[in-house]
Trainee: 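Provided herewith is a single structure, encoded as structure tokens, for subsequent inquiry.
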Amino acid sequence: MTNTKPSVMAVDVPRTNAGEFGRLAEELRHNRVSRRSSLWLLGAASAAPALAVLQGCAQSPVSGESILVGMSEEQERAIDAKVSPHQFSQDLGAVQDAPSNDYVQQVGRQMQGLTHRPDMPYSYRVLNANHVNAYTFPGGAMGVTRGILVELKDEAELAALLGHEMGHVNARHAAQRQGSAMVTQVAVAGLNVAASGSKWSGLVGLGSQVGASALLASYSRDNEREADALGQSYMVKAGYPANGMTELHQLLVDQEKQEPGMLATMFSSHPMSRERRDAAAVAAKTSYAASLGASPQRERFMDSTSSLRAQRSVIKLCQEGESAMAREALPQAHTALQSAMKSGPRDYAAHVRMAQCLQAMGQPGQARSVARQAQALYPQEAQAHKLAGVLALQMKDPGNAFASLDQFDRLLPGNAGVLFLKGVSLEGMGEKEKAAQHYASYLEGNREGKAAQYAVSRLRAWGYVR
């Protein structure tokens, strides 16, 4: 066989983390990876890509006035196509409940034609994430978590939720944030109903890209007010009573009182839901008073979401488990998630979270067993495959690790962290040339961070670069 070495450009890498590199290399040579090293690998592979910023002026689709934007409409669409699948998978993919997904899509589609940008590539899905959240990418790819959907009480509140997200898209808030140099990572618009996910992503995120809750980096109060106002106008045009927006904000206020931890991120950055609730109430009683006789479509909402709402107890137990994990109260998290799996023996999210909890507790064998169950429950969703691959690495099984990581890559290509971990798996299998090719490919788009340092260290040790 011809030994063709991959082409790698010269990379200046600080000689840091030498101890981590040396220990990991030694463990790989002896076909073992400790929990400490596996967690280091996951952290090393977790960097999120930056987005190039091209500033300029554009006309607001809403007001017609000139606004400073950091991305073109083509870029807004491209972000949706390229990045949103990864984020939706990070939130454990669309629920395996066709009626609920179809219903949310139906409500969104009947509203989108009434917006200022009806030709944007809007899309809608209910996500398996348990926390209370909803967000949109700048081109209109929207995610509504099952955690918030089961808290709504009628279709008018759902229309308010989707209308708010449409407001961010139509006012081009993500593009304006870029133009104002407020963010340098992928822009994600949202209702700012984020759970404390960013606080425990290192514990259960397992090397994935930054979650939506971390990317909802403090939209201005004016942005939030404008999104509310636009959303309220869109829902009224669609035939809903305007007080659906008021009721949505009341729900958030009540949630904050009852479970402040589940809304910690939102209320630390935007402690204004009471103000927004009151503004929506005034608008409903004045500008939109004529809409208040319209039906909130409670019966249709209850019928269309009945199968998902039947899982509310499982979702609540998962929320308890995730909150406990955020506090690093792992035994308490284990108890809650065990109850969730008992109540929902086929619940994908409960199984993924339990596997992550067991991994964090230092029980990779049990974690791997639960991860395999999650793979079987939802083979079309990528996260369980990555989790199983990581656990296989930790269990000294690089062959099966590569198989699971490769399945993730087939379902959700383009994840740099998984490319790196596949290289680690190949190295553990003794496939040095293939491992070097993966490390070289990883370095083509990633020149900084621990994973890049490790990749270069291996390529140097094997003589591929000087």
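When a residue number appears, it is its place in the shown sequence, counting from 1. Model, not experiment: these values are computed from the prediction.
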Trainee: Write down the atom of Ala134, the atom of Leu161, and the distance for their closest heavy-atom approach.
Mentor: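 It is CB-CD1, 3.7 Å.
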Trainee: Parallel, tilted or perpendicular: which fits the ring planes of His164 and His249, with parallel below 30° and perpendicular above 60°?
Mentor: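 Perpendicular: the ring planes of His164 and His249 meet at over 60°.
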Trainee: Taking all atoms of both residues into account, what is the closest heavy-atom pair of Asn415 and His86, and its distance?
Mentor: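 Shortest heavy-atom separation between Asn415 and His86 comes out as N-CE1, 3.8 Å.
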Trainee: Does the side chain of Asp154 come under 3.5 Å of the side chain of Gln297 through a donor N or O and an acceptor N or O?
Mentor: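 On atom types as modelled, these side chains do not qualify, holding no pair under 3.5 Å.
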Trainee: If you take all heavy atoms of Leu317 and Ser343, which pair is closest and at what distance?
Mentor: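 What the structure gives for the nearest pair is CD1-OG, 4.0 Å.
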Trainee: Would Asp303 and Tyr103 satisfy side chain to side chain contact (heavy atoms under 4.5 Å, CB included), going step by step from the backbone distance to the final call?
Mentor: CA-CA 10 Å; Asp303 288 344; Tyr103 172 61; over 6 Å; no
Trainee: Please round to the nearest 0.5 Å and tell me the distance separating atom OG of Ser425 and atom CG of Leu393.
Mentor: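 Rounded to the nearest 0.5 Å, the OG-CG separation comes to 4.0 Å.
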Trainee: Considering only residues two or more places apart or on different chains, which pairs with a residue in residues 102-114 satisfy salt bridge (charged side-chain N to carboxylate O under 4.0 Å, His left out)?
Mentor: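 Sorted result for residues 102-114: empty, none.
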Trainee: Do Ser123 and Arg125 meet the criterion of a side-chain donor-acceptor pair at a distance under 3.5 Å?
Mentor: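 Yes, a side-chain donor-acceptor pair sits under 3.5 Å.
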Trainee: Would you say Arg225's side chain and Arg276's backbone share a donor-acceptor pair under 3.5 angstrom?
Mentor: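 Such a contact is absent between Arg225 side chain and Arg276 backbone.
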Trainee: Take Met429 and Phe402, measure what side chain to side chain contact (heavy atoms under 4.5 Å, CB included) needs, and give me the verdict at the end.
Mentor: CA-CA 9 Å; Met429 295 163 64; Phe402 181 86; 4.0 Å; yes
Trainee: Assess the side chains of Tyr135 and Thr145: does a donor N or O sit below 3.5 Å from an acceptor N or O?
Mentor: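 Short answer, no.
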Trainee: Run the salt bridge (charged side-chain N to carboxylate O under 4.0 Å, His left out) test against Glu431 and tell me which residues pass, sequence neighbours left out.
Mentor: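 For Glu431 there are no salt bridge (charged side-chain N to carboxylate O under 4.0 Å, His left out) partners, ignoring immediate neighbours.
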Trainee: Just verifying a value: how many Å separate Lys386 NZ and Ser404 OG, rounded to the nearest 0.5 Å?
Mentor: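 One gets 12.5 Å once the value is rounded to the nearest 0.5 Å.
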Trainee: In Å, rounded to the nearest 0.5 Å, how long is the span from CD of Gln90 to OG of Ser84?
Mentor: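 One gets 13.5 Å once the value is rounded to the nearest 0.5 Å.
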Trainee: If you compare all heavy atoms of Asp80 against all heavy atoms of Gly140, which two are closest, and at what distance to 0.1 Å?
Mentor: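 Taking Asp80 first and Gly140 second, the nearest heavy atoms are OD2-N, 3.0 Å.
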Trainee: Going by the ring pair (Phe, Tyr, Trp, His ring centres under 6.0 Å) test, which pairs reach into residues 342-383, not counting sequence neighbours?
Mentor: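 As it turns out, the ring pair (Phe, Tyr, Trp, His ring centres under 6.0 Å) pairs with a partner in residues 342-383, which skip direct neighbours, are Tyr348-Tyr378.
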Trainee: Quick one: OG on Ser100 to CD on Gln311, what's the gap to the nearest 0.5 Å?
Mentor: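 Here the interatomic distance stands at 8.0 Å.
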Trainee: Does the Ser291 side chain pair with the main chain of Ala242, one donor and one acceptor, at a distance under 3.5 Å?
Mentor: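 Yes, because the side chain of Ser291 sits within donor-acceptor range (under 3.5 Å) of the backbone of Ala242.
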Trainee: Quick test of your reading of the model: are Arg221 and Glu226 salt-bridged, counting only N-O distances below 4.0 Å?
Mentor: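 Result for this pair is no, no salt bridge flagged.
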Trainee: Which residues satisfy the side-chain hydrogen bond (donor to acceptor under 3.5 Å, both in side chains) test with Lys285, sequence neighbours excluded?
Mentor: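 Per chain and number, Lys285 pairs via side-chain hydrogen bond (donor to acceptor under 3.5 Å, both in side chains) with no residue.
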Trainee: What distance separates Ser89 OG from Gln383 CD, expressed to the nearest 0.5 Å?
Mentor: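 Interatomic distance, Ser89 OG to Gln383 CD, rounded to 0.5 Å: 3.5 Å.
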Trainee: Answer yes or no: is there a donor N or O on one side and an acceptor on the other, between the side chain of Asn446 and the main chain of Tyr442, under 3.5 Å?
Mentor: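 Between the backbone of Tyr442 and the side chain of Asn446 there is a qualifying donor-acceptor contact (under 3.5 Å).
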Trainee: Of all the heavy-atom pairs spanning Gly147 and Val150, show the shortest one and how long it is.
Mentor: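 So the two residues come closest at O-CG2, 3.7 Å.
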Trainee: Sort out for me which residue in Asp97, Asp347, Asp91 forms a salt bridge (Lys or Arg N to Asp or Glu O under 4.0 Å) with Arg146.
Mentor: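 Only one option passes, and that is Asp347.
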Trainee: Please check if any side-chain donor atom of Gln232 sits under 3.5 Å from a side-chain acceptor atom of Asp228, or the reverse.
Mentor: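 Their side chains do not contain a donor-acceptor pair, so the 3.5 Å distance test is not met.
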Trainee: For Asn101 and Gln105, run side chain to side chain donor-acceptor pair (under 3.5 Å): C-alpha distance rounded to whole Å, both residues' side-chain angles, the deciding distance at 0.1 Å, then the answer.
Mentor: CA-CA 6 Å; Asn101 270 313; Gln105 290 171 17; 4.9 Å; no
Trainee: Starting from the C-alpha separation in whole Å, work towards a yes-or-no answer on side chain to side chain contact (heavy atoms under 4.5 Å, CB included) for Gln106 and Met111.
Mentor: CA-CA 9 Å; Gln106 175 189 343; Met111 292 179 64; over 6 Å; no
Trainee: With heavy-atom distances below 4.5 Å as the criterion, would you say the side chains of Gln359 and Gln394 are in contact?
Mentor: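 Counting from C-beta outward, Gln359 and Gln394 do come under 4.5 Å.
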Trainee: Tell me the closest heavy-atom pair linking Val370 and Ala355, and the distance in Å.
Mentor: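 Heavy atoms of Val370 and Ala355 come nearest at CG1-N, 3.9 Å.
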Trainee: Taking C-beta and beyond as the side chain, do Met395 and Pro364 meet within less than 4.5 Å on heavy atoms?
Mentor: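 Side chain of Met395 against side chain of Pro364, heavy atoms only: contact under 4.5 Å found.
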Trainee: Verify the ring-centre separation between Phe137 and Phe88: is it less than 6.0 angstrom?
Mentor: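 Between Phe88 and Phe137, the centre distance is under 6.0 Å.
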Trainee: Taking only residues at least two apart or on different chains, which pairs with a member in residues 235-245 satisfy side-chain hydrogen bond (donor to acceptor under 3.5 Å, both in side chains)?
Mentor: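 Those involving residues 235-245 are Gln110-Tyr240, Glu155-Tyr240.
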Trainee: Does Gln363 reach the main-chain N or O of Leu358 with its side chain, forming a donor-acceptor pair under 3.5 Å?
Mentor: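 Not confirmed, Gln363 side chain does not pair with Leu358 backbone.
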Trainee: Return the CD to CD distance between Gln96 and Gln380, rounded to the nearest 0.5 Å.
Mentor: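 Reported value, rounded in 0.5 Å steps: 7.0 Å.
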Trainee: Only one of Arg372, Gln375, Gln356 clears side-chain contact (heavy atoms from CB on, under 4.5 Å) with Leu387; which?
Mentor: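 Exactly one pass, corresponding to Gln356.
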Trainee: Less than 4.5 Å apart, side chain to side chain, heavy atoms only: is that true for Met245 and Arg277?
Mentor: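 The answer is no, as the side chains (C-beta and beyond) never meet within the 4.5 Å cut-off.
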Trainee: Strictly below 4.0 Å, N to O, side chains only: are Glu151 and Lys316 in salt-bridge contact?
Mentor: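 So Glu151 pairs with Lys316 through a salt bridge.
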Trainee: So Gln112 and Tyr234, side chain to side chain contact (heavy atoms under 4.5 Å, CB included) or not? Walk me through it.
Mentor: CA-CA 8 Å; Gln112 69 189 45; Tyr234 297 152; over 6 Å; no
Trainee: Evaluate the salt bridge (charged side-chain N to carboxylate O under 4.0 Å, His left out) criterion for residues Glu73 and Arg172: first the C-alpha distance (whole Å), next the side-chain angles of each, then the deciding distance (0.1 Å), finally the verdict.
Mentor: CA-CA 9 Å; Glu73 184 172 309; Arg172 303 194 68 190; 5.8 Å; no
Trainee: Under 3.5 Å, side-chain donor or acceptor atoms of residues 332-342 against the rest of the protein: list the pairs with distances, not counting sequence neighbours.
Mentor:
{"from": "Gln332", "atom 1": "OE1", "to": "Arg327", "atom 2": "NH2", "distance (Å)": "3.3"}
{"from": "Thr335", "atom 1": "OG1", "to": "Pro331", "atom 2": "O", "distance (Å)": "3.1"}
{"from": "Ser339", "atom 1": "OG", "to": "Thr335", "atom 2": "O", "distance (Å)": "3.2"}

Trainee: Just by distance, do the side chain of Ser323 and the backbone of Glu320 share a donor-acceptor pair under 3.5 Å?
Mentor: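 It does not hold such a pair.
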Trainee: Would Asp406 and Arg410 count as a salt bridge (charged side-chain N to carboxylate O under 4.0 Å, His left out) here? Give the steps.
Mentor: CA-CA 6 Å; Asp406 192 56; Arg410 293 173 188 274; 3.0 Å; yes
Trainee: Any chance the side chains of Arg309 and Thr305 put a donor and an acceptor closer than 3.5 Å?
Mentor: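 On atom types as modelled, these side chains qualify, holding a pair under 3.5 Å.
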